[in-house]
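Numbers restart at 1 for each chain; the letters A, B, ... are given by sequence-line order, proteins then strands. What you see is a predicted model; the values in this text were computed from it and never measured.
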Amino acid sequence: DAGVIQSPRHEVTEMGQEVTLRCKPISGHDYLFWYRQTMMRGLELLIYFNNNVPIDDSGMPEDRFSAKMPNASFSTLKIQPSEPRDSAVYFCASSRQGREKLFFGSGTQLSVL
Amino acid sequence: AQSVTQPDIHITVSEGASLELRCNYSYGATPYLFWYVQSPGQGLQLLLKYFSGDTLVQGIKGFEAEFKRSQSSFNLRKPSVHWSDAAEYFCAVGAHAGGTSYGKLTFGQGTILTVHP
């Protein structure tokens, strides 16, 4: 299996632009998680899905952030409009039935100038 | 609310020396505890976990951790460190929310491990 695949690996954008991060979970995994890693706040859970349905989005920082999972093999995290404080590494992770090992993607390094 | 504290931001050890990374947690019930490792530019990889039972748990790459409820600690240990162990290590606590014991995690700030030859 190819593991959790995230794209792009790096994204540089200007403040005010829309940013879309993409994630392909491992086939057969029914839980998908979006985490954000910053120097100041460390690793934070933003949102997670079960069977494509958002279960808990309490970690989403504000309305500028939205996440979707239109099918079992694809999820997006969108920031609109982006701000410099959104600069971080965004990780996607998936697991099977939520009680098995969590597999992380390699992350998307986002820089908002 | 649950929280995790890793008191050491950066630890340096010599190759072959023993290692102990500290982790303290705060959680109202029996915690689910994890240690993850992150190599530069990579995602996190699970080293080991504690759910219940034996308080000394073995993980991959020769790591082990001991759960001490009285001290609210879950320290990671390795008897002999290899240069390839240089990475950042994260302790995490999980809440059993539905089926997401492994996924809905609160992480510590991480400890960077440097290994000298």
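Side-chain contact check for Leu43(A) versus Leu44(B): some heavy-atom pair is nearer than 4.5 Å.
Highest contact tally toward chain B, considering only Met39(A), Gln37(A), Gln109(A), is held by Gln37(A) [criterion: heavy-atom pairs under 4.5 Å].
Contacts between Gln38(B) and chain A at a heavy-atom distance below 4.5 Å involve the side chain alone, from C-beta outward. For Asn50(A), no part sits under 4.5 Å from any heavy atom of chain B, backbone or side chain.
Other residues, nucleotides and ligands place more than 12 heavy atoms under 6.0 Å from the CD1 atom of Ile60(B). In the displayed structure, Asn71(A) atom CG is contacted under 6.0 Å by more than 12 heavy atoms of other residues, nucleotides or ligands. Taking a 6.0 Å sphere around NZ of Lys24(A), one finds it holds 12 or fewer heavy atoms contributed by other residues, nucleotides or ligands. Residue Glu14(A) places its CD atom among 12 or fewer non-hydrogen atoms of other residues, nucleotides or ligands, all under 6.0 Å distant.
Considering every non-hydrogen atom in both Leu45(A) and Leu105(B), the closest pair reads CB-O, 4.4 Å. Taking every heavy atom of both residues into account, Tyr48(A) and Lys104(B) meet most closely at CE2-CD, 3.9 Å.
If you chain together hydrophobic residues whose side chains sit under 4.5 Å apart, Leu47(B) and Tyr50(B) fall into the same group. Tyr32(B) is connected to Phe104(A) through a chain of hydrophobic side-chain contacts under 4.5 Å among Ile, Leu, Val, Met, Phe, Trp and Tyr, so both are in one cluster.
Here the straight-line distance linking atom CZ of Phe107(B) with atom OH of Tyr35(A) works out to 5.0 Å at 0.5 Å rounding.
Looking only at distances, no side-chain donor or acceptor of Arg41(A) sits under 3.5 Å from a matching main-chain atom of Gln109(B).
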